[in-house]
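Chain A is the first sequence line, chain B the second, and so forth, proteins listed ahead of strands; every chain is numbered from 1. Source: prediction; values computed, not measured.
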Amino acid sequence: MLRDRIIPCLLLSGSGFVKSKRFANHRYIGDPINTLKLFNDKFADEIIVLDIDASRKGSEINYTLIQELTGELFMPLTYGGGLKSIDEIARIIASGVEKVSINSRNAEDLELIRQASQRYGAQSVVASIDVDRNLFGRQQVVYQSARNKLKTTPEKYAAELEAAGAGEILLQSVFLDGMQTGYDIETVKSVVASVDVPVIALGGAGNIRDMAKVIVYGGAAGAAAGSIFVYHGDLDGILINMPSEEKRIRTFDEIRKLRKR
Amino acid sequence: MLVGIVDYGVGNLNSVRNMLHKIGIKSIISADCAELDRADAIVLPGVGAFGAGMQALKQRQMINWLGHYAASGRMLVGICLGMQLLGNWSDEDHCAGLGLIEARFKKFKFDYQGQEKLPVPHMGWNYVKLVDGHRLKGELLPSSRFYFVHSYYASDVAQQNILLTADYGDTFVAAYNKNNIFGFQFHPEKSHLYGMHLFRLLFFPESIQAV
């Protein structure tokens, strides 16, 4: 039986990790090397690191830092941010990263997804989709840190990305980012129904129950989150934390039982 | 003990080296068969497509050498794609493998009636079961789990060569072993203390205290 995938997602900005709300209001969380070491020591199953400067400001990918990060990690790492060419992907993979996540580049065409998938296999290629809620409450695909829109639906887009060779879809809600009010289960569900590859939900987790819900009710293959792994308590003090094994299993069991009823 | 990590341009070599280093094992990463031949054990890592992997071995003229190495009785450990390349055949790219252990790799399919449709690739942490009468030099850690990423699995494996099984829709072969040859479908080098313990069992069993 495959273990439920719960995945800390950390945002790299400059030389530090930050956490955002609705893709803005970035708050400093900590030094990347120490932070990842803590997650490693807590036996996190996997980690996603997204360099938001590399995609937002077009700054150079920090290969040196990525290599340092992978050196002490005994779990898989997904890297995303600013990937525009197969050479950049080759360098990232060579620095010890298991999977690359490609987002904004896909708005032009899906050539990079195709190339990466051919060279490294679909399992190494994650296509990331950012979805925002427009004025009418409809879900809209956005890219480049939510500054631009694409004329497609998340479902259609996900299917295209899969056909191009993506082995996994990382589906992020801009509207729910950092809000801790729960995932957008409906959108997750309809994207899951439109593809065969695993879909990872990101954006909105307020606790481990939310993660269990998006997996059990939404059909997500995994639940990624930022806030709940780095904040603690009502005042959002910074504390790197992972749910205990008992709590994790108990919560998922509970939600699965509720669903069966 | 010196472990040689085969560099054939496919996949993540440093992570294997990092974990070996962590348990106190010296390793070399090399594309040179003569240099690799000095090693007491060989790890054949790899990610990506089967055809490209065989092609890469061929280009570097490693195929014969791997056969000789295996025949020398020293340990040869394939990981992920490396495990698959040890087999005879993969349906991926319809391509023959090294044929060092009998296996045919088939794609996961969940299409028969009443079966839950599971995503492919099989990606994430899964629990494994060690078969009785295995040839590892000790047991795995309790509730051992490992990180898997693969779309193809070993079928037609002789019963006595099955080392570990896992469940994904059905039970499948998560690792096989024939004499000095081992293949692991998952990534021990990315599986925290569980993988570390497995590496110890393979390369440094003296370092494990008897319980």
Side-chain angles (χ1 to χ4, degrees), chain A residues 1-7 39-47 66-78 90 92-99 116-126 162 165-169 192-193 195-200 215 219-222 245 249, chain B residues 7 9-19 21-23 46-53 56 80-81 92 108-111 116-128 143 145-152 166-169 171 186-196 199:
Chain A
M1 175 65 193
L2 194 66
R3 186 174 160 84
D4 294 302
R5 293 172 63 190
I6 69 169
I7 313 167
F39 278 113
N40 189 67
D41 294 346
K42 292 178 187 301
F43 302 141
D45 298 329
E46 51 190 301
I47 292 268
I66 302 301
Q67 184 146 19
E68 265 180 272
L69 293 181
T70 56
E72 282 283 326
L73 286 189
F74 298 113
M75 62 177 143
L77 176 69
T78 301
I92 282 292
I93 299 241
S95 51
V97 167
E98 264 63 45
K99 290 189 266 183
S117 183
Q118 237 160 42
R119 185 137 152 202
Y120 297 104
Q123 78 289 334
S124 303
V125 183
V126 182
E162 177 186 32
E168 183 164 272
I169 304 287
V192 166
V195 293
D196 287 332
V197 292
V199 175
I200 307 300
I215 288 176
E245 200 62 25
I249 291 168
Chain B
D7 176 4
V10 180
N12 195 340
L13 310 165
N14 274 313
S15 50
V16 174
R17 190 198 173 97
N18 283 336
M19 188 168 267
H21 178 77
K22 189 87 181 171
I23 61 168
V47 294
F50 193 93
C80 198
L81 176 64
E92 183 179 24
F108 278 118
K109 268 204 185 101
F110 303 103
D111 51 3
E116 190 191 353
K117 186 188 145 219
L118 296 168
V120 176
H122 167 226
M123 194 187 290
W125 291 72
N126 208 334
Y127 298 88
V128 301
S143 339
R145 54 177 192 259
F146 296 95
Y147 186 72
F148 287 80
V149 190
H150 62 125
S151 300
Y152 291 79
D167 290 329
Y168 194 58
T171 302
F186 49 82
H187 290 275
E189 78 281 11
K190 286 287 160 190
S191 299
H192 288 308
L193 72 171
Y194 308 103
M196 230 174 267
F199 266 17

Can you tell which of [options] has the highest number of heavy-atom pairs within less than 4.5 Å of chain B?
options: A/Leu73, A/Val197, A/Thr70, A/Asn40; result: A/Asn40
options: A/Pro198, A/Ala122, A/Gly121; result: A/Pro198
options: A/Glu98, A/Arg119, A/Glu168, A/Glu72; result: A/Glu98

Side chain from CB out, backbone as N, CA, C, O: work out which of these in [X] comes under 4.5 Å of a heavy atom of chain B, or both, or neither.
X: A/Glu245; result: side chain
X: A/Asp4; result: neither
X: A/Val195; result: backbone
X: A/Val97; result: backbone
X: A/Ala44; result: backbone

Point to revise | Sequence-distant partners of B/Asn18, side chain to side chain contact (heavy atoms under 4.5 Å, CB included), two or more places apart | key: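 B/Asn18: side chain to side chain contact (heavy atoms under 4.5 Å, CB included) contacts with A/Phe74.
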Practice item. Can you sort out the partners of B/Ile23 under side chain to side chain contact (heavy atoms under 4.5 Å, CB included), two or more places apart, ordered by chain and number? Key: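 B/Ile23 satisfies side chain to side chain contact (heavy atoms under 4.5 Å, CB included) with B/Ile25, B/Met196, B/Phe199, B/Arg200 once adjacent residues are dropped.
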Review point. B/His187 versus chain A, heavy atoms under 4.5 Å apart: side chain, backbone, both or neither?
Key: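 For B/His187, no heavy atom lies under 4.5 Å from chain A.
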Exercise for review: Tell me, for B/Tyr127 versus chain A, whether the close heavy atoms (under 4.5 Å) come from the side chain, the backbone, both or neither.
Suggested key: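 Interface part for B/Tyr127: both.
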Which one of [options] has the most heavy-atom pairs closer than 4.5 Å to chain A?
options: B/Met123, B/Lys22, B/Glu92; value: B/Met123
options: B/Val47, B/Leu118, B/Leu193; value: B/Leu193
options: B/Leu81, B/Leu13, B/Val120; value: B/Val120
options: B/His21, B/Met19, B/Arg17; value: B/Met19

Practice item. Tell me, with the steps shown, if B/Lys190 and A/Glu46 meet salt bridge (Lys or Arg N to Asp or Glu O under 4.0 Å). Key: CA-CA 9 Å; B/Lys190 286 287 160 190; A/Glu46 51 190 301; over 6 Å; no
**Study point:** Proximity of B/Phe186 and B/Tyr147 rings by center, below 6.0 Å
**Key:**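 Judged by ring-centre distance (under 6.0 Å), B/Phe186 and B/Tyr147 do not meet the cut-off.
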Practice item. Decide if the gap between the ring center of B/Phe108 and the ring center of B/His150 is smaller than 6.0 angstrom. Key: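 Yes, close enough.
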Review point. How about A/Asp45 and A/Arg3: do any of their side-chain heavy atoms sit closer than 4.5 Å?
Key: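 Side-chain contact under 4.5 Å: yes.
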Check your understanding: Can you check whether B/Arg145 reaches B/Val128 side chain to side chain, under 4.5 Å on heavy atoms?
Key ->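 Not in contact.
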Check your understanding: Under 30°, 30 to 60°, or over 60°: which ring-plane class applies to B/Phe146 and B/Tyr194, parallel, tilted or perpendicular?
Key ->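 If you compare the ring of B/Phe146 with that of B/Tyr194, the planes turn out perpendicular.
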Review point. How many angstroms lie between CZ in A/Phe39 and CD1 in A/Ile7, if you round to the nearest 0.5 Å?
Key: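 Here the rounded value is 12.5 Å.
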